[in-house]
Structures are given as structure tokens and as C-alpha cells.
2 protein chains.
Amino acid sequence: MGLGGATMDERVPRDFETLRATILERRQSLPKRIAQIAAYALDNPDDIAFGTAASIAASAGVQPSTLIRFAQQLGFDGFTSLQQVFRERLRERNSSYDERLAALRAKAEEGAGHRAIFDGFVAAASTSLSDISRTLNEPHFEEAIALLAKAETIYVLAKRRSYPVASYIAYALGKLKIRNQLIESAAGLNAEMVGFATPNDAVIAISFSPYAPATIEETRAISEQGVPIVAITDSSFSPLAQFAKVWFEVAEADFAGFRSLSATMALAMALTVAVGEKRRDTGRKRKA
Amino acid sequence: MGLGGATMDERVPRDFETLRATILERRQSLPKRIAQIAAYALDNPDDIAFGTAASIAASAGVQPSTLIRFAQQLGFDGFTSLQQVFRERLRERNSSYDERLAALRAKAEEGAGHRAIFDGFVAAASTSLSDISRTLNEPHFEEAIALLAKAETIYVLAKRRSYPVASYIAYALGKLKIRNQLIESAAGLNAEMVGFATPNDAVIAISFSPYAPATIEETRAISEQGVPIVAITDSSFSPLAQFAKVWFEVAEADFAGFRSLSATMALAMALTVAVGEKRRDTGRKRKA
DNA sequence: TATGGATTGGAATTATTATTTCATATTGAC
DNA sequence: GTCAATATGAAATAATAATTCCAATCCATA
């Protein structure tokens, strides 16, 4: 009968690599038109992922029905399920880290030892880093540097989970001899501190969902004084974004309820050092 | 008329970045459900690329018709053409990812400006992470967890560049409802704070070369009171090591004179969460 | 609180797309 | 060269999905 290789015991390839291997293996024994579309599929996997049966068939120079027969020969029950494999491939390209992380999370939850927890945090950090290095908006980055480099005083504003980043920024700015003011919580003098800022200064504000109300409030207040703000936050919908002159969206993976700070840290340090460098350059030029 | 912004002169965004910018720009003025799907779209672009109108609408918690209205507000004539933009993005991303990465590397190596600084920090963080996940001493890790889990109060001790880590530990411990005391500098009350610690408590001390004298001094003092110490430091010759019951050697790469904290952070968070978990387990057993 | 306009939910409709079917062509064995 | 088995093309059909429409609801404004 015409179903070709779709016998019972045969495993249907569910990931792209297996599928690819299967196709290459059988290539010799495939009928002409089927082979034609097999070649096309391996050469243009993206087209298979997104096209319709008709459009793909046309591009490959065969009939839609042939495309379906091809899928069936491989053990799928139709074009649609074959297409899934090609789509999955595109997704995974971007999310292999995410999957690993998900696996680790599951492992940690079922109580698989403490090492799993550690691995989870390492994976969350790695994911966040590779993500930010892919998505960093360079024009924004340059703009932020320029903005901060000409500030008289840089105010650093963050609470709670973002606070460690702020404290490191403040430390680094101090080391680089850049005047700065860390606005922490506690003391209750924040309103006064914020009041001193002028449009000649600048702010780095950091906040992630759920956004600490104090951070938002202070950012709003300071932006109303005309002080330019660079925000580091986690979503385009963050309340910080609307107050900021420049803002960065940093997608930190979290693990066990705690956010990795690696990406934010890397960005914060890069900003800080770049500002230091830009100031040195400018200083040199002025003297010359 | 119901077409919303779909007036003649308006440009339909054809690439993802423009689309994204458009959405962000209008987000204030969008009706609730439309805004809901707008947020979903930016957060889950892959789902938009692959899903059907019905499946996406369900995931985002709206009706399919809302999804279409969303597309129309943006100037598309329907969901299908909106989806094209999301698909295009995936194609491009995948095809050019390797090239882009190679370009970035080249650029970073020839010292091209500020992006290179950023890449440097990311690289330092990644290196540190892969390093620590290779070299973590598991028996020490377990021992440290056991030691901290039975402490009444956990004191967290770090200054200067290590302080951000300490503050995150304190934050996390607080979240996990584990009694802790962060020993910062400034106030000058450290000696008194340290004086309260007993052998039933425990200390996490963090310090890297050049070791802050205050950290060393306080660690010494507290160890003389018989309080067990877990140290995170950078070398076997660290002065912290001699006072500690358990210590970890973390080799953080540095860049431009600033140490990456990623590996230390990951270790610190893993310790914290593992301690929290161990306590929950122990508590449960006691009750049973 | 009443009123008009905008927004939303849900079903009905239309369109698109996958799949099936069947007639025809091709291939290989005898 | 004939026959049977397999492969292919093209159109019909079935399934699925997008879109539209209308009633219900929400919201701002008078």
C-alpha cells in the first residue's frame, strides 16, 4: 500500500536533527518528486516553517499532495505535523538556554540536591548574559553614556533587589573619581537628597517588577525637576520607562524566585566605565 | 470610525523594531484589552510568530477579535499581516546570528569604542561563571549549607566591592524569613553588632584582594567568639581562610579594574536558597 | 444618574489551507 | 511489449483559521 514507510514500529522524528538524518539516509530510495521536495526542505528549512503547503509546493516545483506524501513517508500524519518540527527548530535556536534552565528548575523543585540549586543560579546568570549581549540597544547605550558623562553629579537610585547593583555602581563611580550620590532607603532623607538634583546632574534608576513604589515615586519627583534619567528595568511597560530619557530593557532570568543580577551588573559596570573613559577623553581635549 | 489609527498617511511598521517602537509609543492611549495583548506580543514574540489567532488570543487572555483590532490599530489590515512581521524577525535573527556575533567579536578586538567595554564585562562574567561551575567544591558547599542552616542568626560581612553581594544575600535571607544581620561599614557600630554573635550563630564573610582591613578585623574578632564562619574569597592565602570553618575560592575575572561579581553572586544565592530549603525540610521533619 | 461613544465578547461568516480522491502517467518485471 | 505496482497531477472536499458583525458592557461626560 501507498503509505510508504509509515509502519507501526517506526519512530517519527520529532526533532530537526533526527529528521534531517532520516531524510539523508533514505534519500536514495525516495521517488523523484519526493526526493525533490526532500532536498528543498533541507535547503530551505525556514520556508517549511512558515509557508503554506501550497506555497512551499510551488517553490519546490511539486504539487501540494506530493508534499503531504513526503510527510507521510517520514511517518508524520500530514504536512502540519511535519511543519511543527521545522517550527520547533526555529524556536529552539533562541531558547535552548531557557529549556536547560527550565529543566534545572524542575530538578531543583523535586528536591534533587543542592548542587541543582547552584547550577540553576549559574544557568540563570549565563542565560541573562547571553540575552543581554544579543539585545543591547547600542544607540541607547551611547546616548546614556553621553548623558551621564556630562552630569555634574550622578545620582544612583535603587531599592531592594536592585540595590546591590546600585551599590556597586556607586563604588565604581567613587573609584573613578566621579561625583555620585547613592539614594538608599532607610534614613528617610531621600526627599531632601533628591531635591538637590538639577538638570545639570543625571540619574541612574534601576527597578524591576514588582517595582518598589519608593523608586518610582523618587524617579518621578526627580524627573519633574528636569534631571535626565537613565533607567534600567525589565519591561517596556515599566513605570520607569516613561520618566527616562534613555532606558534599557534587561531580561534577567530568575531562579527559585531570585533574579540573577549578572546582566544588569554587566550593563551597569559597562556604563560606569564607559562614562569614566568618555570623561577622560573630553578632559584631554579641553586641555589641548 | 472603528479603524482606529489606520488612516491613510500612516506608515505601517514592516520591521519588528519599528513595530515595537510604535507599540511603546502608543501604549498609553491603548484600551485595556488591546494594551494587554500589546504587552503579550512584546513579551512573547515567538508565540505571535507561530500561533494561530485563536491560540494567541487564548494565551493572552483576550478574544481573537481583539487581536485583530490590535493589528488594525497599528495599521495592518489584519492579524495575518501583523504576524508576518513577527515571522520575519525570527528568520532574520536566525540567519544572521552567527554573522552578527562574529562581527561583534571582531569589533571588540579592534577596540572599537564603548561596545567593547560592554562586551568585556559580559565576557568576564561568563568566564567567571563557567569557571566556578567547574571548580565548585561540593563537599564544602554541603558543609556550608549545614552550618548556616542551623544558625540562629546569620551575620553577613563584606565591604567595598564585595558589599553588593552581601546586600543581596541579606535581601534574600529576609525574603526567606531567615534572621540575618548585615554588617556594613559607615555607622561605626560594627564592633557592638559583632559582639552579639554567639557560637549558635554563623557568619558569611566575603572579601577579595586587596582585603578590606575592616572585614579582616571583624572576621577575626567574631571568630574568636567561637562563631562559625563561611568565607567566600579569592585565594587559599586569603586572610579570611584561616578564620573560616568552610571557605570557597572564587576566581572572578575582572575587566577594566572591576571584578565581575557573577560567580560570587551565583554562589551566594545558591547558598542562601539551599539554606532556606534545608531549614524547611528540617522543620518539617521535626514536626513529624 | 442618564446618555453617547468607545470597547469588548462571542457567535456567524468567510477565507484560506490541508487533505483526500481519483484519473493518468511512469516505471520495472516478466 | 504487456501488466501490475507505484508515483504523480489536478481538482474536490474537509478542516481550520481569520475576520466580521452585532449585542452587551464599560466609561466618561453632562
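All heavy atoms count here, side chains included; hydrogens, waters and symmetry mates do not. Every chain is numbered from 1 and lettered A, B, ... according to where its sequence line falls, protein lines coming before strand lines.
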Nucleotide D:dT8, atom C1' - distance to CG of A:Leu67 in whole Å: 14 Å

Which letter, B, S or -, goes with each nucleotide of nucleotides 11-29 of chain D from 5' to 3', with contact meaning a protein heavy atom under 4.0 Å? ------SSBBB--------

Checking the side chain of A:Arg160 only, and the main-chain atoms of A:Ala212 only, is there a donor and an acceptor separated by less than 3.5 Å? no

Under the side-chain hydrogen bond (donor to acceptor under 3.5 Å, both in side chains) definition, can you give me all pairs with a residue in residues 142-156 of chain A, not counting sequence neighbours? A:Glu142-B:His114, A:Thr153-A:Arg179

Could you check whether any side-chain N or O of A:Glu224 sits under 3.5 Å from a backbone N or O of A:Ala221, counting only pairs where one atom can act as donor and the other as acceptor? no

Excluding sequence neighbours, so at least two apart, what forms side chain to side chain contact (heavy atoms under 4.5 Å, CB included) with B:Thr80? none

Does D:dA7 have OP1 or OP2 sitting under 4.0 Å from an N or O in the side chain of A:Thr66? no

Is the backbone of A:Asp15 close enough, under 3.5 Å, to the side chain of A:Glu88 for a donor and an acceptor to pair up by distance? no

With sequence neighbours left out, write down each residue that passes salt bridge (Lys or Arg N to Asp or Glu O under 4.0 Å) with A:Asp234, or none if nothing qualifies. none

Measure the angle between the two terminal helix axes of the helix from C:dT1-D:dA30 to C:dC30-D:dG1, five base pairs each, and quote it to 10°. 20°

Interatomic distance, B:Gln73 CD vs C:dT8 C1' [rounded to whole Å]: 12 Å

Taking side chain to side chain donor-acceptor pair (under 3.5 Å) as the test, write out the residues that go with A:Ser260, two or more places apart. A:Glu252, A:Ser262

In whole angstroms, how far is the P atom of C:dT17 from the CZ atom of A:Phe50? 15 Å

Under 3.5 Å, is there a donor-acceptor pair between the side chain of A:Gln83 and the main chain of A:Ile48? yes

